[in-house]
Asker: 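Take this structure first; my questions come after.
Quick caveat: nothing in here was measured; it's all calculated off a predicted structure. Throughout, a chain's letter reflects where its sequence line sits, starting with A, and its residues are numbered from 1.
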Amino acid sequence: MPELPDVEHHRRTVAEHATGQRVERVAINDPALLEGTSPQGLGRSLVGRTVTAPRRHGKWLILEFDGEDGPHLLVHFRMTGRLVWHEDGEVAGDDAVALHLEHGVLAYRSERRLGAVWYLPPGTEREEVTGPLGPDAVTLDRNGLAEVLGDRRGGLKSALLDQARIAGLGNELVDEVLWRSRLHPRRRAASLEPDELDALHQQLRIVLRRAIRAGHVPAGPTWLNGQRAEREPRCPDCGGPLVRERIAGRTTLWCPTEQPPPGVGG
DNA sequence: CCTAATGTTTGTGC
DNA sequence: AGCACAAACATTAG
């Protein structure tokens with residue numbers, strides 16, 4: 001579930017509750033979810049430091065600490081990760097990594113244990129952990145989008161999911177944006193006409209803005225995403241049945257009426 | 001029992 | 001090299 005809007009929600013949680021507070025101690029319940037250092041090493045690096053303004057790039061949350069060359073924590077949520085703020089200072093058993101601060105506890109959980117918290121030593125490049133990341137989807141302008149898709153030979157959906165090209169879009173966001181842009185996910189990425197690029201960029205902005213406001217990709221009656229869990233999903237727009245098939249390795253929903261499949265050549 | 005699930009990595013093959 | 005696909009990762013829900 002966590003895509004860009006969910007990570008942005010977690011970033012705001014940190015900004016509202018944790019920024020400006022000193023780390024008093026760290027508690028590691030699940031060492032497997034702490035990468036790049038040991039529990040003891042994390043304590044040595046962070047205790048006494050103050051949490052500064054959190055940043056986000058794509059689906060990565062970047063926690064920073066004060067000091068000349070303060071260390072960073074890089075947080076990825078994968079399928080089921082999330083951050084929890086404990087005002088009362090109590091941690092739960094499923095809090096894998098917890099930072100005890102002056103007025104509460106910031107805890108990372110990952111139910112299916114796919115995500116993790118990476119310790120990034122001072123002076124280390126972020127890309128060594130995150131791999132190459134394209135521009136954040138929020139900051140991508142229309143020409144940037146054209147650039148990212150233009151030299152791609154493959155399908156539109158797989159291009160939009162490629163974090164090295166555009167950082168932050170996941171399965172739900174991409175299906176939603178393609179549906180609203182009336183573009184079929186199997187279109188060749190480089191085959192879009194200027195007006196199609198305009199529509200894609202405009203819908204991307206609208207969907208991102210609304211999803212960030214909600215803290216997740218909405219699943220209301222006017223959202224394609226609301227049909228994802230339905231046994232017989234229907235197009236919220238035309239009422240016809242949606243197609244559910246595997247595209248770019250992911251379960252994909254699309255409307256056969258509003259998103260015509262590409263013809264020969266893309 | 002089996003299958004599928006949000007994301008990413010890795011291996012394989014065209 | 002670029003891209004697609006499958007499997008793997010760990011766990012739960014159906």
Asker: Who pairs with R82(A) by side chain to side chain contact (heavy atoms under 4.5 Å, CB included), at least two apart in sequence or on another chain?
Answerer: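 Result, side chain to side chain contact (heavy atoms under 4.5 Å, CB included) vs R82(A): H10(A), V84(A), R109(A).
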
Asker: Taking any atom closer than 4.0 angstrom to a non-hydrogen atom of chain A, what span of DNA chain C does the protein reach, first nucleotide to last?
Answerer: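 Counting from the 5' end, contacts occupy dG2(C) to dT11(C).
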
Asker: Going by the rule side chain to side chain contact (heavy atoms under 4.5 Å, CB included), which residues pair with D88(A) if we only count those two or more places apart in sequence or in a different chain?
Answerer: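 Expected list: H86(A), E90(A).
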
Asker: Any residue in residues 143-158 of chain A with a heavy atom nearer than 4.0 angstrom to DNA chain C? Just list them by number, or reply none.
Answerer: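 DNA chain C contact set from residues 143-158 of chain A: D151(A), R152(A), R153(A), G154(A), G155(A), S158(A).
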
Asker: Using atom P in both nucleotides, what's the gap between dT8(B) and dA13(C) to the nearest angstrom?
Answerer: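 Result for the P pair: 23 Å, nearest Å.
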
Asker: Could you note down all residue pairs passing side-chain hydrogen bond (donor to acceptor under 3.5 Å, both in side chains) where residues 201-215 of chain A supplies at least one of them, sequence neighbours left out?
Answerer: none

Asker: Name all residues meeting the side chain to side chain contact (heavy atoms under 4.5 Å, CB included) criterion together with H216(A); count only those two or more places apart in sequence or in a different chain, and write none if there are none.
Answerer: D6(A), A214(A)

Asker: List the atom pairs, with distances to 0.1 Å, where a side-chain N or O of residues 233-242 of chain A and a protein N or O form a donor-acceptor pair under 3.5 Å, not counting sequence neighbours.
Answerer:
{"residue": "R234(A)", "atom": "NE", "partner": "G239(A)", "partner atom": "O", "Å": "2.8"}
{"residue": "R234(A)", "atom": "NH2", "partner": "G239(A)", "partner atom": "O", "Å": "3.2"}
{"residue": "D237(A)", "atom": "OD2", "partner": "R182(A)", "partner atom": "NH2", "Å": "3.1"}

Asker: Using a 4.0 Å cut-off on protein heavy atoms (strictly under), produce a 5'-to-3' string for nucleotides 9-14 of chain B with B for base contact, S for backbone-only sugar-phosphate contact, and - for none.
Answerer: S-----

Asker: Among pairs that include at least one residue of residues 118-155 of chain A, which meet ring-ring contact (aromatic ring centres under 6.0 Å, His included), considering only residues two or more places apart or in two chains?
Answerer: W60(A)-W118(A)

Asker: Identify, with sequence neighbours excluded, every residue that meets side chain to side chain contact (heavy atoms under 4.5 Å, CB included) alongside A229(A).
Answerer: none

Asker: Tell me: CG of L61(A) to C1' of dG7(B), nearest whole Å?
Answerer: 16 Å

Asker: ring-ring contact (aromatic ring centres under 6.0 Å, His included): which pairs involve residues 13-34 of chain A, sequence neighbours left out?
Answerer: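 Of all non-adjacent pairs touching residues 13-34 of chain A, those that pass ring-ring contact (aromatic ring centres under 6.0 Å, His included) are H17(A)-W85(A).
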
Asker: Given a 3.5 Å cut-off on both pairing distances, which stems involving DNA chain B, each at least three consecutive Watson-Crick or G-U pairs, are present, if any?
Answerer: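 Stem list for DNA chain B: B:2-5 with C:11-14, B:7-14 with C:2-9.
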
